[in-house]
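Before I ask anything, let me first share the structure, which is written out below as structure tokens.
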Amino acid sequence: MNLTNSTPELLAARPSTLDDELQRVIEARHHDPFSVLGKHPDKSGQYVIRALLPHAGSARVEHNLEMKRVGETALFICELDAKTAEKLPLHYTIHWRGQDGQEHARIDAYTFAPQLAGFDIHLFSEGRHWHIYRVLGAHPRRIDDVDGFLFAVWAPSAERVSVVGDFNHWDGRSHPMRAHGGSGVWELFIPGIEPDSLYKFEIRNRDSGALHIKSDPYATAFECRPQTASITASDSGFQWTDADWMSTRIDFDWQSKPVSIYEVHLGSWRQSKSGAFLNYRELAQQLVYHAKEMGFTHIELLPIAEHPLDASWGYQITGYFAATRRYGSADDFRYFVDYCHSQDIGVILDWVPAHFPKDAHGLARFDGSALYEHADPRRGEHRDWGTLIFNYGRNEVRNFLISNALYWMEEFHIDGLRVDAVASMLYLDYSRDEGDWIPNKFGGNENLEAIAFMREMNTMTHQLHPGTLMIAEESTAWPQVTRPSWTGGLGFSIKWNMGWMHDILSYLSKDPIHRHYHHDQLTFGVLYAFTENFILPFSHDEVVHGKGSMLRKSPGDEWRQFANLRLLYAMMFTYPGKKLLFMGNEFAQSDEWNHAKMLDWHLLNYPLHQGVKQLVSDLNGLYGELPALHGWDFDARGFEWIDCHDSSQSVLSYIRRYKNEHALVVLNFTPIPRRNYRIGVPHAGTYVEIFNSDSRYYGGSDVGNAYLTTENHAWMGRPYSLNMNLPPLGGIILVLDTPDHS
């Protein structure tokens with residue numbers, strides 16, 4: 001065995017091209033370290049093993065082949081003849097003594113062949129690899145009987161990318177990655193890396209030479225804030241028990257079934273006695289019990305993807321593929337979803353594909369270039385929010401987002417996504433001054449790339465996970481948001497009815513003595529109620545930033561505020577559309593929401609708050625039990641005015657229908673009881689009052705009716721009529737108890 005010292009003189013004798021490559025490796029700027037590091041034959045028929053060991057004082061291949069340091073660099077070289085080289089294991093071990101005097105050993109990462117399939121990279125480059133999260137990121141692998149982690153990242157403007165972590169002193173010279181041609185994808189299998197290791201990517205921009213230390217965009221776990229490192233995670237061994245739910249969901253007829261959503265911020269719903277966050281598993285038990293007690297069909301979570309700032313409520317995401325560790329592990333969150341399903345509760349996530357924060361460790365200028373965002377701030381930056389806008393025209397960015405949507409559905413059995421800030425995605429001039437936006441190729445303000453992205457996203461989620469809901473938070477009159485993409489629509493399942501919400505809250509803010517001047521705010525919404533599949537939202541956005549709580553949105557004393565709130569919920573649950581209430585709204589939280597503290601559950605010790613809670617529970621029950629209140633939520637046949645013109649008394653009356661069933665709804669928006677109020681009805685018989693928001697059980701004055709028998713007195717264009725008492729600031733629901741067949 002011939003070993004020689006690799007001196008500078010020896011190196012100088014080698015071809016200049018090799019000198020250049022060695023220098024680039026030593027300086028950590030080589031795009032293909034595998035061409036230099038590892039074992040290679042030389043022109044004389046011998047072999048050379050090269051390794052970058054920045055923190056080594058001495059090194060050996062296996063136990064007896066000494067490596068020589070190249071000058072004062074971190075490069076070590078071992079030259080050996082062909083016979084010795086052939087006797088080495090395919091994946092030999094390098095031993096070194098650190099500068100701290102400790103002995104270390106690792107299998108040489110530069111002995112492994114490329115692991116990523118060309119087909120995967122090709123699909124990703126086309127933007128059509130729906131499971132790219134299984135390829136990029138960090139994944140445990142066993143290669144040639146060697147365990148470790150395979151790291152892969154997309155960074156096309158990089159000159160060099162390295163994996164850095166607590167296993168290599170966060171030194172970018174230790175583990176430079178190999179580039180896959182012009183795809184921009186880099187990979188490296190590192191033997192011996194174990195789960196729960198901290199890591200990031202060190203990226204050297206090829207134009208500027210600037211270094212960027214970035215978290216893994218596809219990481220499935222992160223350190224808790226304020227730390228930002230990604231964490232290697234083993235494959236989940238969670239045992240799901242929701243097979244029946246998942247099978248039934250495929251045929252979920254959400255259009256004609258009740259959908260009542262409880263919107264929740266996990267960090268402030270409940271907390272421990274010390275004020276700490278609860279674990280996903282604790283939350284599952286407590287939250288599901290409450291949701292079932294209240295009659296909700298789904299829980300919608302404000303974003304739980306990893307985010308650095310509590311005050312963002314999760315809407316500024318830095319870890320799109322990671323359930324936040326604030327509340328536990330990924331498997332803890334799987335337990336949360338599984339438990340919800342076991343109790344017949346669906347789970348919807350708020351999802352944010354519209355923008356991302358500028359945090360230095362995140363996606364912003366990821367490889368030193370505008371990679372995930374647009375370079376021009378007129379397209380790439382949200383001025384209002386201080387965030388960056390995804391470049392939907394780039395295949396790999398579109399692939400990142402669509403695969404992320406599918407990831408939550410596939411890996412966590414999520415039942416739907418509520419897509420945040422859709423309006424900001426649709427319009428190039430959204431919240432921009434004149435001259436601060438760039439028209440599309442036709443000169444318009446429509447974001448054509450974002451539209452194409454949303455259509456593809458909705459097509460794929462519905463195709464691969466039928467029965468799931470894609471819900472748009474969209475506040476404009478953009479047409480066909482909830483119509484299929486193949487008809488020219490955006491392909492969402494449901495859209496938030498922001499117009500109805502704003503109108504009704506504006507109306508309730510008026511003193512009842514003035515409401516008759518604003519009666520159109522109650523009635524206008526029906527003109528467009530069936531143009532989309534709508535959900536009626538009283539969300540977190542309505543109880544923050546000085547808007548006050550739902551209870552405080554109407555004027556007057558305590559009695560009037562509670563009565564108005566009960567009346568509002570009576571209208572909401574009887575009006576066409578699915579339902580959404582933010583946590584705390586169900587028991588009349590007095591103060592507006594504060595993300596930093598838990599809800600004021602102690603208010604349930606007071607009868608009026610307990611009354612609102614009981615009212616919401618009863619309304620959810622009626623909404624679910626009466627097909628007339630949910631079966632045709634999106635169908636004009638499901639709604640008919642009895643009288644929408646009684647502005648002088650501020651009274652509304654209408655019929656909800658489903659096939660042969662119907663329910664009468666009468667709402668009095670003044671604090672004056674209306675005695676002997678007559679409405680026309682289509683059928684003769686005896687009607688029973690099954691709900692009254694003014695009931696004493698809810699804290700009301702108990703003005704109402706028991707049984708009402710129709711009179712053969714034509715009224716409002718109908719052959720029969722009912723004479724009834726209307727409660728003050730109250731709503732009632734009547735159903736036909738005994739039809740008159742005479």
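Note: hydrogens, waters and symmetry copies are ignored here, and every other heavy atom, side chains too, is used.
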Checklist entry - Under 3.5 Å, is there a donor-acceptor pair between the H355 and T387 side chains? => result yes
Next on the checklist: With heavy-atom distances below 4.5 Å as the criterion, would you say the side chains of S647 and Y517 are in contact?
Outcome noted: no
Checklist entry - Is a salt bridge present between D436 and R378, judged by a nitrogen-to-oxygen distance below 4.0 Å? => result no
Next on the checklist: Tell me whether Q255 contacts the main-chain N or O of F634 through its side chain, where contact means a donor paired with an acceptor under 3.5 Å.
Outcome noted: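 No; zero donor-acceptor contacts below 3.5 Å.
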Checklist entry - What are the two closest non-hydrogen atoms of D694 and N692, and how far apart are they? => result N-OD1, 2.7 Å
Next on the checklist: Check for me whether the distance between the ring centres of W313 and W593 falls short of 6.0 Å.
Outcome noted: yes
Checklist entry - Rounded to the nearest 0.5 Å, what separation is found between the CD1 atom of I345 and the CD1 atom of I348? => result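 Atom-to-atom, I345:CD1 and I348:CD1 are 11.0 Å apart.
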Checklist entry - Taking the six-membered ring for Trp, is the centroid-to-centroid distance between F534 and W500 below 6.0 Å? => result no
Next on the checklist: Quick test of your reading of the model: are E381 and R383 salt-bridged, counting only N-O distances below 4.0 Å?
Outcome noted: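 Yes, this pair counts.
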Checklist entry - Under 3.5 Å, is there a donor-acceptor pair linking the side chains of T476 and E474? => result yes
Next on the checklist: Closer than 3.5 angstrom, by distance alone: can the side chain of N497 be matched with the main-chain N or O of I535 as a donor-acceptor pair?
Outcome noted: no
Item to check | Nearest-0.5 Å distance, CZ of residue R281 to CG of residue L283 | outcome: 12.0 Å
Next on the checklist: Whether the side chain of N440 engages the backbone of E446 through a donor-acceptor N/O pair (distance < 3.5 Å, no angle test) should be reported.
Outcome noted: yes
Next on the checklist: What I want to find out is whether R325 reaches E306 closely enough, with some N-O distance under 4.0 Å, to be called a salt bridge.
Outcome noted: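 Salt bridge between R325 and E306, a charged N being under 4.0 Å from a carboxylate O: no.
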Item to check | side-chain hydrogen bond (donor to acceptor under 3.5 Å, both in side chains) between D332 and S329, intermediate numbers included | outcome: CA-CA 5 Å; D332 290 337; S329 69; 3.2 Å; yes
Checklist outcome for this item: From the list L599, L287, L302, side-chain contact (heavy atoms from CB on, under 4.5 Å) with V264 holds only for L287
Checklist entry - Is K613 salt-bridged to E293, going by a charged N under 4.0 Å from an acidic O? => result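 Looking at K613 and E293, the cut-off is met.
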Item to check | Any donor-acceptor N or O pair under 3.5 Å, side chains N391, E373 | outcome: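 E373 and N391 do not have a side-chain donor-acceptor pair below 3.5 Å.
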Checklist entry - Is it the case that N564 and Q561 place a side-chain donor and acceptor less than 3.5 Å from each other? => result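 Side-chain D/A pair, N564 to Q561: absent.
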Item to check | Between CG on residue L278 and CE on residue M598, distance to nearest 0.5 Å | outcome: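 Spacing of CG (L278) from CE (M598) equals 9.0 Å.
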Checklist entry - Less than 6.0 Å separating the ring centroids of Y528 and F524? => result yes
Next on the checklist: Closer than 3.5 angstrom, by distance alone: can the side chain of S693 be matched with the main-chain N or O of G731 as a donor-acceptor pair?
Outcome noted: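 A pair under 3.5 Å: yes.
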Checklist entry - Is the F321 to W351 ring centre distance short of 6.0 Å? => result no
Next on the checklist: Please confirm whether the ring centroid of F333 lies under 6.0 Å from the ring centroid of F412.
Outcome noted: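 Close enough - the centres of the two rings lie under 6.0 Å apart.
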Item to check | Approximate separation, where rounding is to 0.5 Å, of T574 OG1 and L536 CG | outcome: 9.5 Å
Next on the checklist: Please report the interatomic distance OH(Y327) to CD(E282), rounded to the nearest 0.5 Å.
Outcome noted: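 If we round to the nearest 0.5 Å, Y327:OH and E282:CD are 13.0 Å apart.
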Checklist entry - If every non-hydrogen atom of I494 is compared with every non-hydrogen atom of W254, which pair is closest and at what distance? => result CG1-CZ3, 3.8 Å
Checklist outcome for this item: The ring-ring contact (aromatic ring centres under 6.0 Å, His included) partner of Y320 among Y407, W408, F400 is F400
Next on the checklist: With a 6.0 Å cut-off (strictly less than), is the heavy-atom count around NZ of K257, excluding the residue itself, greater than 12?
Outcome noted: no
Next on the checklist: Does R515 qualify as a cation-pi partner of F669, given the criterion of NZ or CZ under 6.0 Å from the six-membered ring centre and within 45 degrees of its axis?
Outcome noted: no
Checklist entry - So, for Y654 and F639, is the gap between ring centers shorter than 6.0 Å? => result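 Centroid distance Y654-F639: below 6.0 Å, so yes.
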Checklist entry - Checking H516 side chain against I513 main chain: does a donor-acceptor pair fall under 3.5 Å? => result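 The answer is yes, because a donor-acceptor pair under 3.5 Å joins these two groups.
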Checklist entry - Do the two ring centres, one from H290 and one from W601, sit under 6.0 Å apart? => result yes
Checklist entry - Under 3.5 Å, side chain of K214 to main-chain N/O of A360, donor-acceptor pair present? => result yes
Checklist entry - Is there side-chain contact between F538 and M501, with heavy atoms separated by less than 4.5 Å? => result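 Side-chain contact under 4.5 Å: yes.
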Next on the checklist: Determine whether a donor-acceptor pair (N or O, by modelled atom type, separation under 3.5 Å) exists between the side chain of S493 and the backbone of L469.
Outcome noted: no
Checklist entry - Heavy-atom distance under 4.5 Å between the side chains of L266 and I304, does that happen here? => result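 Yes. Closest side-chain heavy atoms under 4.5 Å.
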Checklist entry - What is the ring orientation for W385 with H382, classed by angle as parallel under 30°, tilted 30 to 60°, or perpendicular over 60°? => result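 Judged by the thresholds at 30° and 60°, the geometry between W385 and H382 is tilted.
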Checklist entry - Could you walk me through whether F562 and H609 pass the ring pair (Phe, Tyr, Trp, His ring centres under 6.0 Å) check? => result CA-CA 8 Å; F562 273 94; H609 293 276; 5.0 Å; yes
Checklist entry - Any side-chain donor-acceptor pair under 3.5 Å between T318 and D359? => result no
Checklist entry - Is the shortest side-chain N to carboxylate O distance from K553 to E592 below 4.0 Å? => result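 The answer is no: the pair does not qualify as a salt bridge.
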Next on the checklist: Regarding D310 and R225, does a basic nitrogen lie under 4.0 Å from an acidic carboxylate oxygen?
Outcome noted: yes
Next on the checklist: As an exercise, state the distance from CZ of R432 to CG of N445, rounded to the nearest 0.5 Å.
Outcome noted: 12.0 Å
Next on the checklist: Keeping R483 on the side-chain end and T531 on the backbone end, is there a donor-acceptor pair under 3.5 Å?
Outcome noted: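 Pair found, side chain donor or acceptor close to backbone of T531.
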Item to check | Passing candidate, side-chain contact (heavy atoms from CB on, under 4.5 Å) with Y698, options L608, D618, V612 | outcome: D618
Checklist entry - Are the aromatic ring centres of Y262 and F582 under 6.0 angstrom apart? => result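 Not under 6.0 Å, so no.
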Checklist entry - Quick check: are there more than 12 heavy atoms from other residues, nucleotides or ligands sitting under 6.0 Å from NE2 of H502? => result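 Counting neighbours around NE2 of H502, more than 12 heavy atoms of other residues, nucleotides or ligands fall under 6.0 Å, so yes.
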Item to check | 4.5 Å side-chain heavy-atom contact, Y339 and V288 | outcome: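 Yes, their side chains come closer than 4.5 Å.
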Checklist entry - Between H540 and Y315, does a ring pair (Phe, Tyr, Trp, His ring centres under 6.0 Å) hold up when you go through it step by step? => result CA-CA 12 Å; H540 67 279; Y315 288 97; 5.5 Å; yes
Item to check | Short N-O contact, D633 and R656, less than 4.0 angstrom | outcome: yes
Next on the checklist: Between D643 and S653, do the side chains contain a donor N or O and an acceptor N or O under 3.5 Å apart?
Outcome noted: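 Looking only at side-chain atoms, D643 and S653 do not form any donor-acceptor pair under 3.5 Å.
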Checklist entry - Is the closest side-chain donor-acceptor distance between S260 and N620 under 3.5 Å? => result yes
